[in-house]
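Have a look at the structure that comes next, please.
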Amino acid sequence: MTPRTLQQIIRSMPTTDGGGVRLRRSLGQTQGARVDPFLMLDEFSSENADDYIAGFPDHPHRGFETVTYMLDGHMLHEDHLGNRGDLRSGGAQWMTAGRGVIHSEMPQQESGRMRGFQLWVNLPAREKMKPASYRDIQPEEIPSAPLPGGGQIKVVAGTANVGEQQVAGPIQGLSTEPLFLDVRLPAGGTFIHLVEAGHNVFVYPFEGSIRIGPAEAAHTLEAQDAGVLTPGDTVEISAGEHGAAFLLLAGKPLREPIVQYGPFVMNTREEIEQAFRDYQSGQLV
Ligand code: CO
């Protein structure tokens with residue numbers, strides 16, 4: 001057993017996106033701040049409608065997957081295929097842009113708390129031009145389980161081992177084999193989990209600070225910072241004195257060249273230029 005420890009911190013930075021939604025971006029704030037196959041992680045969290053009401057009006061994507069995970073709030077998703085889906089507290093949407101999607105995500109509330117994440121997951125070269133598809137995942141489809149040492153886990157993608165039990169999330173069978181966990185720990189609680197040795201792992205505490213690694217070698221990671229972990233096959237994370245909530249993401253690295261321009265993520269510059277031409281001529285989707 002090789003426990004993973006903290007290798008690098010990617011501090012989140014305030015920014016705006018879409019129509020002017022205020023958010024914090026950790027992964028993806030620069031081209032180097034990625035954890036293959038994960039390209040970007042945004043957290044949006046506000047009780048002030050001015051911070052989110054502009055939403056994300058129609059915009060394109062090509063070459064990767066977008067995952068929206070809502071903690072609080074209500075957004076409506078609509079795309080060029082005529083798909084419409086409600087994103088509600090505790091639900092998620094896993095969208096494969098593939099060759100192209102044009103969609104919007106707009107708040108369905110004028111007050112109250114809006115809080116959640118958007119994660120971008122890369123696609124292998126051979127899948128970048130496949131047809132767009134998406135999955136709306138209702139809150140009740142995301143399994144949760146109590147942790148042996150206190151606390152709770154929710155599994156959005158992949159399968160978690162909790163004691164003797166296997167907890168399978170609704171998203172399975174993707175090429176990047178993502179594990180997407182939402183973990184809540186009480187004060188002083190500890191979470192230990194196996195991860196594939198060859199996969200890349202990062203964690204993102206959104207409430208409270210966490211300690212990563214076995215006690216004698218643990219490093220602290222503060223809320224709103226992404227922590228990239230060293231290679232290994234186990235993860236051990238402890239909460240501080242106020243408890244903690246964090247996302248844990250693991251995935252199989254693609255190890256392919258990345259050329260990104262805004263909402264298009266391809267392997268070569270020529271493919272990006274093609275995406276622009278396709279978008280401008282109405283051929284993206
Ligand atoms: Co989008």
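Numbering of ligands and ligand atoms starts at 1, following listing order. Both backbone and side-chain heavy atoms feed into the values below; hydrogens, waters and symmetry mates do not.
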(message) Holding to salt bridge (Lys or Arg N to Asp or Glu O under 4.0 Å), I want the full list of residues that pass it with R62, two or more places apart in sequence or in another chain.
(response) D278
(message) For the residue pair D182 / Y69, report whether a side-chain donor-acceptor contact shorter than 3.5 Å exists.
(response) yes
(request) For the residue pair E43 and Q224, confirm or rule out a side-chain donor-acceptor distance under 3.5 Å. (result) yes
(message) So that I can tick it off, tell me whether K128 and E256 are bridged by a salt bridge, with the cut-off set at under 4.0 angstrom between side-chain N and carboxylate O.
(response) no
(message) Show every side chain to side chain donor-acceptor pair (under 3.5 Å) that has at least one partner inside residues 234-243, sequence neighbours left out.
(response) T190-S238
(message) Suppose clustering is done on Ile, Leu, Val, Met, Phe, Trp and Tyr with side-chain heavy atoms closer than 4.5 Å. Which residues sit in the same group as M129?
(response) I102, V259, Y261, F264, M266, I272, F276, Y279, L284, V285
(message) Could you enumerate the protein N, O or S atoms under 2.8 Å from the Co ion (ligand 1), written like residue then atom name?
(response) H59 NE2, H61 NE2, H103 NE2
